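Side chains included, hydrogens not; waters and symmetry mates left out as well; all remaining heavy atoms used. Index from 1, following the sequence. Predicted, not measured: the structure shown is a model, and the values here were computed from it.
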Amino acid sequence: MDRIIQSYMDSFIKSQEILEKDESKQFELFSAYCVVEQWYTETYNLQDIIIGEGGDCGIDSIAIIVNGNMVTSKEEIDDIIEVNKSLSDINFIFVQAKTSASFDYGEMGTFGAGVKDFFSEDPQMVRNEGIVEKNEIIEYIFSKAPMIKKNPSCYLYYVTTGKWVDDQNCVGRMKIATSDLNALNIFSEIKYIPIDGNQLQKLYRKTIDVVETEICFDNHIFLPDIPKVRQSFLGYLNFNEFLKLIVDENGEIRRSVFYDNVRDFQGDNAVNHEMSDTIATTADRFILYNNGVTIICKKLSNIRNKYTLTDYQIVNGCQTSHVLFNNKDEINGNLQIPIKLIETENDEIVNKIIKATNRQTEVTDAQLIALNEFHRKLEAFYNTFSGVQRLYYERRSKQYSYGNDIEKTRIVSISMQIKAMASMFFDKPHLASRFFGKLMSSVEGIFNEQHKLLPYYTSAYTLYKIDYLFRNKLIDIRYRKFKYFILMLIKYDLSTEKIPELNSNKMDKLCENILKVINDNDKLITEINKLLPLFDKYVEDITSSESTKSAALVEKLRNEFS
């Protein structure tokens, strides 16, 4: 392993707080992260994509990305359908990583055969619990065929530290694997992608570097001076220049620039279909029919008509951008896109722009949740903790993503906060696998201005510590699927009286008692091991995830403390 990759991997292992010493296992985790981050850059738990040892069909990790969301349960599929009315963008990502300094065509063939067997109606290979769970989700997706607008795409990434030289045997194995998968007639696209040492370095750098793009923007006017805005423009971009903003060097759409957009791509709905028709028939009128794209960047510099955008987000125009990308091969040079370009680092201004531009279309209050004042206060409250208790509340998407000085496991997204709080203090751990917008609507009163802030931090910090113990196998990994139930049980077990209201001083006192245990790993391990037998008592098969959706299990566990 070359020194640069070793250095990157060491940085990654530190940022993820991984105690694993085996270099090959470290490399598997590092490779999975580098690959999946190209598809999904929101904060997520790495363990949700890693497949356990043995019976893994020669697959290290599997990520399922649907309508721009990482899916880890069947319930999330139902929620996505309810919100978007369809499954329009489905991607299955498989990763296999080897520390060897060359590409082994035999192992590349085994990987391809494992992925084919994964999708087989009559699988021949032994399947561990992780493979079974991922397969159940994918089978559930296929069961929703009437809602699928476009067949899924399948991507196989084989990663080594060596150099890819188009070896004929390796290329042959890749073609065989692709052909075998294509014969299943269930995919719209299949790609087998070899990742060598140089490419792996590039992938990791993309996870820590701020996005920066130069465009030719000569058709614009300056807007008047606006307080807290360095500069702003109205204008239009030639289609080819606009593509530079939304397409990366691999020709894929640059997903990371849309994460401040409150709505995911809605697929081929009526509006987007009409937009595609306009592109196909009257592209020169597109600028007249389209409301335009709003771009906010933290830094904007220019030399003549060349503008460099640094750390930018498309906060309105996600649908337009995706439709243009999907039709890029049919677009000629006559298409122009209306543009509003704003340079500011002021969060209040950014929030108001996002609200204003998105209120012109159908956007739910749940989708605008990140802009509420409560989250500003909660972020400030998180910042009052230091040392081992330090967490980072990600009020704005990706605000802590760039650079490598922050342990990524300490970043708490709004979605994670909702899951932790709903489980620990609203007694709804059985709903934690739901899509966060759906979960939020099921948790009446969350993010109430009258609530104490400490329970929010306590729930997130406890979840962080539980994840740490499971990730490093300091408690029995078989119970990881019940982590949200463990959150609830810790609250009840460490309470000496009736659980107080979230706006009371007694709630702060309870949280302080919980944190005394959580801060000590030995005490926390003892506490969790004390609670685990309850799952053996009430769960018939702890290898199955079905019981984690059970409201009846919640009641049985709560009754243990009544």
(message) Using a 3.5 Å distance criterion without hydrogens, assess whether the side chain of Lys452 forms a donor-acceptor pair with backbone atoms of Asp508.
(response) no
(message) Quick check against the 3.5 Å criterion: does Ser547 have a side-chain atom that pairs as donor or acceptor with the backbone of Val539?
(response) no
(request) Taking all heavy atoms of Thr207 and all of Gln38, pick out the closest pair and write down the distance. (result) CG2-NE2, 4.0 Å
(message) Enumerate the ring pair (Phe, Tyr, Trp, His ring centres under 6.0 Å) contacts for residues 509-552, please, sequence neighbours excluded, ordered by first and then second residue.
(response) Phe482-Phe535
(request) Provide the closest heavy-atom pair for Ile486 versus Tyr479 in the form atom of the first, atom of the second, distance. (result) CD1-O, 4.4 Å
(message) Does Ser321 form a side-chain contact (heavy atoms from CB on, under 4.5 Å) with Ile314? I'd like the steps, not just the answer.
(response) CA-CA 9 Å; Ser321 299; Ile314 294 176; 4.0 Å; yes
(request) Kindly indicate whether the side chain of Phe485, heavy atoms from C-beta on, has any atom under 4.5 Å from the side chain of His430. (result) yes
(request) Report the relative orientation of the aromatic rings in Phe92 and Phe142; use parallel for angles under 30°, tilted for 30 to 60°, perpendicular for over 60°. (result) perpendicular
(message) Looking only at the aromatic ring of each residue, does the gap between the centers of Tyr33 and Phe12 stay below 6.0 angstrom?
(response) yes
(request) Answer yes or no: is there a donor N or O on one side and an acceptor on the other, between the side chain of Ser495 and the main chain of Tyr492, under 3.5 Å? (result) no
(request) Taking the side chain as every heavy atom from C-beta outward, state whether Leu223 and Ile342 have any atom pair closer than 4.5 Å. (result) no
(message) One pair to check against side-chain contact (heavy atoms from CB on, under 4.5 Å): Lys377 and Glu449. What are the steps and the verdict?
(response) CA-CA 10 Å; Lys377 293 195 300 183; Glu449 289 289 340; 2.8 Å; yes
(request) Side-chain contact test, heavy atoms from C-beta onward, threshold under 4.5 Å: evaluate it for Tyr140 versus Val71 and give yes or no. (result) no
(request) Could you tell me the separation between the CG atom of Leu487 and the CG atom of Leu531, rounded to the nearest 0.5 Å? (result) 11.0 Å
(message) Going by salt bridge (charged side-chain N to carboxylate O under 4.0 Å, His left out), name the residues that satisfy it together with Lys144, two or more places apart in sequence or in a different chain.
(response) Asp78
Could you pull out every donor-acceptor pair under 3.5 Å between side chains of residues 413-426 and any protein atom, sequence neighbours left out?
residue : atom : partner : partner atom : Å
Ser413  : OG   : Met416  : N            : 3.1
Gln417  : OE1  : Tyr382  : OH           : 2.5
Gln417  : NE2  : Tyr456  : O            : 2.9
Gln417  : NE2  : Ser459  : OG           : 3.3
Lys419  : NZ   : Ala432  : O            : 2.5
Lys419  : NZ   : Arg434  : O            : 3.2
Ser423  : OG   : Lys419  : O            : 2.7

(request) Report yes if the side chains of Tyr464 and Thr409 come closer than 4.5 Å at any heavy-atom pair, otherwise no. (result) yes
(request) Give a yes or no on whether the backbone of Leu431 and the side-chain of Glu75 come within a donor-acceptor separation of less than 3.5 Å. (result) no
(message) I need the minimum non-hydrogen distance between Leu19 and Asn472, along with the two atoms involved.
(response) N-OD1, 2.6 Å
(message) Whether the Tyr461 and Asn519 side chains hold a donor-acceptor pair (N or O, under 3.5 Å, no angle test) is what I'd like checked.
(response) yes
(request) Answer yes or no: is there an ion pair linking Glu555 with Arg558, defined by an N-O contact shorter than 4.0 Å? (result) yes
(message) Could you check whether any side-chain heavy atom of Leu203 comes within less than 4.5 Å of a side-chain heavy atom of Glu37, counting everything from C-beta outward?
(response) no
(request) Identify the two heavy atoms, one from Met507 and one from Pro500, that lie closest to each other, and give their separation to 0.1 Å. (result) CE-O, 3.2 Å
(message) Taking Asp248's backbone N and O only, do any of them form a donor-acceptor pair with Glu252's side chain (distance below 3.5 Å, no angle check)?
(response) no
(request) In plain terms, say whether Lys481 and Glu546 are close enough for a salt bridge, that is, a side-chain N and a carboxylate O under 4.0 Å apart. (result) no
(message) Between Asp48 and Arg480 (salt bridge meaning N to carboxylate O under 4.0 Å), is one present in this structure?
(response) yes
(message) Using every non-hydrogen atom in the two residues, find where Lys549 and Ser73 come nearest and quote the distance to one decimal.
(response) CE-CB, 4.5 Å
(message) On a heavy-atom basis, which atom in Leu510 and which in Leu494 lie closest, and how many Å separate them?
(response) CD1-O, 4.1 Å
(message) What's the separation between atom CG in Asn67 and atom CG in Leu87, rounded to the nearest 0.5 Å?
(response) 6.0 Å
(request) Give the C-alpha distance, both sets of side-chain angles, the deciding distance and a yes or no for side-chain contact (heavy atoms from CB on, under 4.5 Å) between Leu29 and Gln16. (result) CA-CA 10 Å; Leu29 295 167; Gln16 295 287 332; over 6 Å; no
(message) Could you check whether any side-chain N or O of Arg410 sits under 3.5 Å from a backbone N or O of Val388, counting only pairs where one atom can act as donor and the other as acceptor?
(response) yes
(request) Would you confirm whether Gln231, through its side chain, and Leu300, through its main-chain N or O, come within 3.5 Å as a donor-acceptor pair? (result) yes
(request) Kindly say whether Asp60 contributes a backbone atom to a donor-acceptor pair with the side chain of Glu28 at under 3.5 angstrom? (result) no
(request) Before accepting this row, confirm whether a basic side-chain N of the pair Glu407/Arg390 lies closer than 4.0 Å to the acidic partner's carboxylate O. (result) no
(message) Are the side chains of Ile466 and Ile490 in contact, using a 4.5 Å heavy-atom criterion?
(response) yes
(request) Before giving the answer on side-chain contact (heavy atoms from CB on, under 4.5 Å), spell out for Val412 and Tyr457 the whole-Å C-alpha distance, their side-chain angles and the decisive distance to 0.1 Å. (result) CA-CA 10 Å; Val412 179; Tyr457 169 83; over 6 Å; no
(message) If you define the side chain from C-beta out and look only at heavy atoms, does anything of Tyr44 sit under 4.5 Å from Ile49?
(response) yes
(message) Within the structure provided, determine whether Tyr312 and Leu341 are in side-chain contact (heavy-atom separation under 4.5 Å).
(response) no
(message) With rounding to the nearest 0.5 angstrom, report the CG to CE distance, Asp427 to Met488.
(response) 5.5 Å
(message) Please report the interatomic distance OG1(Thr344) to CD1(Ile296), rounded to the nearest 0.5 Å.
(response) 7.5 Å
(message) Would the distance check show the side chain of Asn135 and the main-chain N or O of Ile131 forming a donor-acceptor pair, the cut-off being under 3.5 Å?
(response) no
(request) Return yes if some donor-acceptor pair links the side-chain N/O of Lys473 with the main-chain N/O of Phe470 below 3.5 Å, else return no. (result) no
